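Read through the structure below, which is laid out as structure tokens, and then see the notes.
Letters A, B, ... are given to chains in the order of the sequence lines, protein chains preceding strands, and every chain is numbered from 1. The structure displayed is predicted, hence computed values, not measured ones.
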2 protein chains.
Amino acid sequence: MKEIKLFCPATIANVSCGFDVLGLCLEQPGDEMIIKKSFTPGIQITKIIGQDLPLETEKNVAGVAGLALLNELKDFKSGFEIEIYKNIKPGSGIGSSAASAAGAVFGINQLLNQPFSAKELIPFAMQGEFLASGALHADNVAPALLGGFTLVRSYEPLDILKLPVPNQLIATVIHPQLEVKTADARAVLKHTVPLKKAITQWGNLAGLISALYTNDYDLLARCLHDEIVEPLRSVLIPGFNEVKESALVNGALGSGISGSGPSIFALSKDKITAQKIGDAMATTYKKFEVDYDVHVSSINKEGIKIL
Amino acid sequence: MKEIKLFCPATIANVSCGFDVLGLCLEQPGDEMIIKKSFTPGIQITKIIGQDLPLETEKNVAGVAGLALLNELKDFKSGFEIEIYKNIKPGSGIGSSAASAAGAVFGINQLLNQPFSAKELIPFAMQGEFLASGALHADNVAPALLGGFTLVRSYEPLDILKLPVPNQLIATVIHPQLEVKTADARAVLKHTVPLKKAITQWGNLAGLISALYTNDYDLLARCLHDEIVEPLRSVLIPGFNEVKESALVNGALGSGISGSGPSIFALSKDKITAQKIGDAMATTYKKFEVDYDVHVSSINKEGIKIL
């Protein structure tokens, strides 16, 4: 195989009670990437369509992630050209950089006849995340590479689990075209949290994990709360409370900030409800005259796909 | 049925990463209780063997829990006599008061032809816990009444789940005869925790829940850590670090404080290892010339038993 074409999906990190540990892979939206073997060693980003992003390898998340993989193999001879067709908007909070970083390492690994497992690719993709955000986080690249729900149990050592996905689950995501700077999203976090709230949060996360294993949608709904981060970060997203409320009123199991925002997600258990939630969410931003995209997507159980 | 004889088991609360939410039911040790219908309305504690505990209904955890049940039914005519044969030492940290409170409501519910489900009995038993410790906690009475591992997902509203139990799991508990005052165990807790440690803790708890559903003993072992409470409370238990270390060296999946101590538990996956761990744990307290009891027990999946 000399060339591979990929679909690289968007992802929702945190998922309310799972701050910094949970992630979820979507069927839509997603980028496409074409990766080709090349005679020039290293990684060349030859084309980026749809977004204005750097083509220089060391400044591009796909480039950096791909180089991390080649460095690990001590493979200084292989070369790859990458074309990226962006549909996921950078800064949207649904894993735009993760899709590119994960896609690059997935594709290169395929073209090298899979020296690495999907889990082993995660640390390389994390190098792309580090370039994008200054933090080595895995909660978007893990679901992009593994599919479904993923749990980053630990970073040191890196220990990532794939969790089961209740079959009927559907995600609705609204991306209001507002800028939430990563630095601001970080700055509002507090270094300490009240023990009582932490207990509530881990009780909810433990319940959510149980709900995934037992297909218990009522339990899932009871657990989809974030006592700690959402109250702080939601103030950076105008309309958040109204959008969330409209999702819940229209039948969402739960709703919260996707990653560090500004996208807001909701989960429900059928497509008609998910679409209705999307329409209801949109009402707020229509009123505010803020542009938005709405995505209604089932859960992507396999992650990146070969097209 | 006019009379019922019960086995009321010991329980381990917290289980390392599950502070205030997880509990686990043991086969041994346990109290016995005999509950009889009586012509005198209300609850009479007629006999307590094995420990010096108050016979007055309002000062006895079994009495208070039983009255809570009768009050909920607005049943001012039924009367019950309770005999308690204590094998679980009060103040040991393995749910002595919970066994009595849970046993009382379980037995009375049986003699009244089960107006309540096992889960519905939990709030009554919690009234006994409130008498014993001043806190309405459920992490011992829930596993005593439901068996196995239980999760207190939320207190308001009360939402308790029964979790699966990996078949080979065995608990070792050492109870050194040291006094840890509940007030001291509370006082050492901090009202706030670093966000980073809270994330580690909920990652571990989420992993532990996953391990219970998948019978993954290696994952269970990786998750059995408590970054938040154990470092603070273990200083109240002389020898804790040495005992824990000896358990791990001898093959324990994990080890930690049972409830608020002074008992120390370890989990392993076979009886020979569990016994070896018990012997190793005992070495420390032999050296310190502190009396101790060691219990090796499989996990009790049903909770309180009718004898």
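- For B:K190, the part sitting under 4.5 Å from any heavy atom of chain A is the backbone (N, CA, C, O) and nothing else.
- Other residues, nucleotides and ligands contribute at most 12 non-hydrogen atoms within 6.0 Å of the CZ atom of B:F130.
- Within the 4.5 angstrom heavy-atom criterion, no atom of B:L208 approaches chain A.
- Taking chain A as the reference chain and counting heavy-atom pairs below 4.5 Å, the highest number among B:L189, B:D216, B:L22, B:L219 is found for B:L219.
- Both the backbone and the side chain of A:I199 come within contact range of chain B, judged by heavy atoms closer than 4.5 Å.
- Atom OG1 of A:T200 sits about 9.0 Å away from atom CD of B:E156, to the nearest 0.5 Å.
- For B:L163, the part sitting under 4.5 Å from any heavy atom of chain A is the side chain, from C-beta outward, and nothing else.
- A heavy-atom distance below 4.5 Å is found between the side chains of A:L195 and B:I228.
- Between chain A and the options B:L205, B:V193, B:V21, B:I209, heavy-atom pairs under 4.5 Å are most frequent for B:V193.
- Ranked by heavy-atom pairs shorter than 4.5 Å toward chain B, the options A:P194, A:P164, A:A198 are led by A:P194.
- Heavy-atom distances place no part of B:L212 under 4.5 Å from chain A, backbone and side chain included.
- Side-chain atoms of B:R153 come within 3.5 Å of backbone N or O of A:R222 as a donor-acceptor pair.
- Side-chain N or O atoms of A:W202 include none that pairs as donor or acceptor with a backbone N or O of B:C17 at under 3.5 Å.
- Proximity to chain B involves both the backbone and the side chain of A:S210, based on heavy atoms less than 4.5 angstrom apart.
- Counting heavy atoms from C-beta outward, B:T214 and A:Y213 have side chains that approach closer than 4.5 Å.
- Interface residue A:D159: only side-chain heavy atoms are found under 4.5 Å from chain B.
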